[in-house]
There are 2 protein chains.
Amino acid sequence: MLTIGTLSKKTGTKVQTIRYYEQIGLMPEPGRTEGGQRRYDGSQLDRLSFIRHSRQLGFSLDAIRELLDLSDHPNRPCDEADAIARRQLKRVEQRMARLKALRTELKRMVHECSGGRTADCRVLEVLRDHSECLTEHDEIGA
Amino acid sequence: MLTIGTLSKKTGTKVQTIRYYEQIGLMPEPGRTEGGQRRYDGSQLDRLSFIRHSRQLGFSLDAIRELLDLSDHPNRPCDEADAIARRQLKRVEQRMARLKALRTELKRMVHECSGGRTADCRVLEVLRDHSECLTEHDEIGA
DNA sequence: GCTTGAACCTTCAGTGGCTAGAGGATGTAG
DNA sequence: CTACATCCTCTAGCCACTGAAGGTTCAAGC
């Protein structure tokens, strides 16, 4: 029988986050002591590890919900899990492409600033005038 | 004299977002018509473009506030703007490194899934057991 | 058995950066 | 002068947590 604190340490998830996962139905309601404290077992530890690991890989909580559901039904075809992972991969690749463009632009800004007064600062100049950009970049909401 | 809608179109910022920027003090309070509608001039268009462009480059609104402040005081040394850009560049590079590890892992998951039942699905298996991962990855909070 | 104090409980509010919607007022073209 | 696109304010919601207030429970040590 594990306390929430133990679960927290074992998975690297904050206590509040575990309670939050329970609140939104991602974690099941655990058993309680007479005094009302949560007590977990091994299967709940596994489930939280799954969630945590999926989050580290960038899956949204909604995607994780689906993945957990699939994981709970071993006889269903796994195309769906595969599709979710593929979507995530695609998103990661898009983000990388955007970050690459961004990095180019920032590098250019930093290299051109020679350390005078702000009036001559290339950093600010580039930010003022998008037309100076060599790349398309669109980080907002990435 | 530009309406908020015109400003919105010219900068690619949603009308509500412009009002939000005003609310948090990033954009100045514009003039109003007798009826109470906002009217902008060219300098406000420039300011919004600056903000928008900075957001696209991944700067936080707080960082943008600093940059705008620097931009408003042309006689100060520009080390600070330079430092902000450098910090941002560092962050972008860190994010890219993380995404790279993530992509590797996702690719491996997807490639190894041969499309059977969820019981045998490599995607789910990898998510269940972090020790199968070949890379360190930590997307949370990225 | 009793005391201490770390860990637990609930509830609420806040983060960043918007975005959506309700319900009503204004501005402008025909 | 009418139609209706655009504007206004205000409130609430999004994601995925995180922190804090104020109170309770549990386990170890005496």
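Letters go in sequence order (proteins before strands), and every chain restarts at 1. All values below were derived from every heavy atom in this structure, side-chain atoms included, with hydrogens, water molecules and symmetry-related copies excluded.
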Side chain of A:Arg55 only, please: which of C:dC18, C:dC8, D:dC17 is the nearest? D:dC17
Of D:dG19, C:dG27, C:dC9, the nucleotide closest to the side chain of A:Gln16 is D:dG19
Does the distance from a Lys or Arg side-chain N to an Asp or Glu carboxylate O, for B:Glu29 and B:Arg38, drop under 4.0 Å? no
Using a cut-off of 4.0 Å on non-hydrogen atoms, how would the nucleic acid contact of B:Tyr21 be classed: base, sugar-phosphate, or nothing? sugar-phosphate
If I take atom CG in residue A:Leu61 and atom P in nucleotide D:dC14, what distance separates them, rounded to the nearest angstrom? 13 Å
Does D:dC26 have OP1 or OP2 sitting under 4.0 Å from an N or O in the side chain of A:Thr3? no
Spacing between B:Tyr20 atom OH and D:dT11 atom P, to the nearest angstrom: 17 Å
Here the distance between atom P of D:dC17 and atom CD of A:Gln56, to the nearest Å, is 11 Å
Write down the distance between CD1 (A:Ile4) and C1' (C:dA6), rounded to a whole number of angstrom. 15 Å
Less than 4.0 angstrom between a side-chain N/O of B:Thr17 and OP1 or OP2 of C:dT19, yes or no? yes
Rounded to the nearest angstrom, tell me the gap between atom CZ in B:Arg32 and atom C1' in C:dG27. 15 Å
Of B:Gly35 and A:Gly36, whose closest DNA chain C nucleotide lies nearer the 5' terminus? A:Gly36
Do A:Arg47 and A:Gln44 have a side chain donor and acceptor closer than 3.5 Å? no
Between A:Arg128 and B:Ser71, a side-chain donor and acceptor under 3.5 Å: yes
When all nucleic acid strands are considered with a 4.0 Å heavy-atom cut-off, which category describes B:Ile24: base, sugar-phosphate, or nothing? nothing
What is the distance from CG of B:Leu2 to C1' of C:dT28, rounded to the nearest Å? 17 Å
Indicate whether OP1 or OP2 belonging to D:dA16 is found under 4.0 Å from a side-chain N or O atom of A:Arg19. no
A:Lys14 vs D:dG19: side-chain N/O to OP1/OP2 distance below 4.0 Å: yes
Is atom CD of B:Glu66 surrounded by more than 12 heavy atoms (other residues, nucleotides or ligands) closer than 6.0 Å? yes
Between B:Arg38 and D:dC7, does any side-chain N or O lie under 4.0 Å from OP1 or OP2? no
Of the nucleotides D:dT9, C:dG17, D:dC7, which has the atom closest to the B:Gln37 side chain? D:dC7
Any idea which of D:dA16, C:dC8, C:dC18 is nearest the A:Ser60 side chain? D:dA16
Whole angstrom value for the distance that separates P of C:dT19 from CD1 of B:Ile18: 11 Å
Salt bridge (charged side-chain N to carboxylate O under 4.0 Å, His left out) between B:Arg108 and B:Glu105, worked out: CA-CA 5 Å; B:Arg108 207 166 60 84; B:Glu105 211 53 57; 2.7 Å; yes
Rounding to an integer number of Å, can you tell me how far B:Ile51 CD1 sits from C:dG17 C1'? 13 Å
Taking 4.0 Å as the cut-off, does a side-chain nitrogen or oxygen of B:Arg39 come that near to OP1 or OP2 on D:dC7? no
Linked, directly or transitively: A:Leu106 and B:Leu61 (ILVMFWY side chains, under 4.5 Å): yes
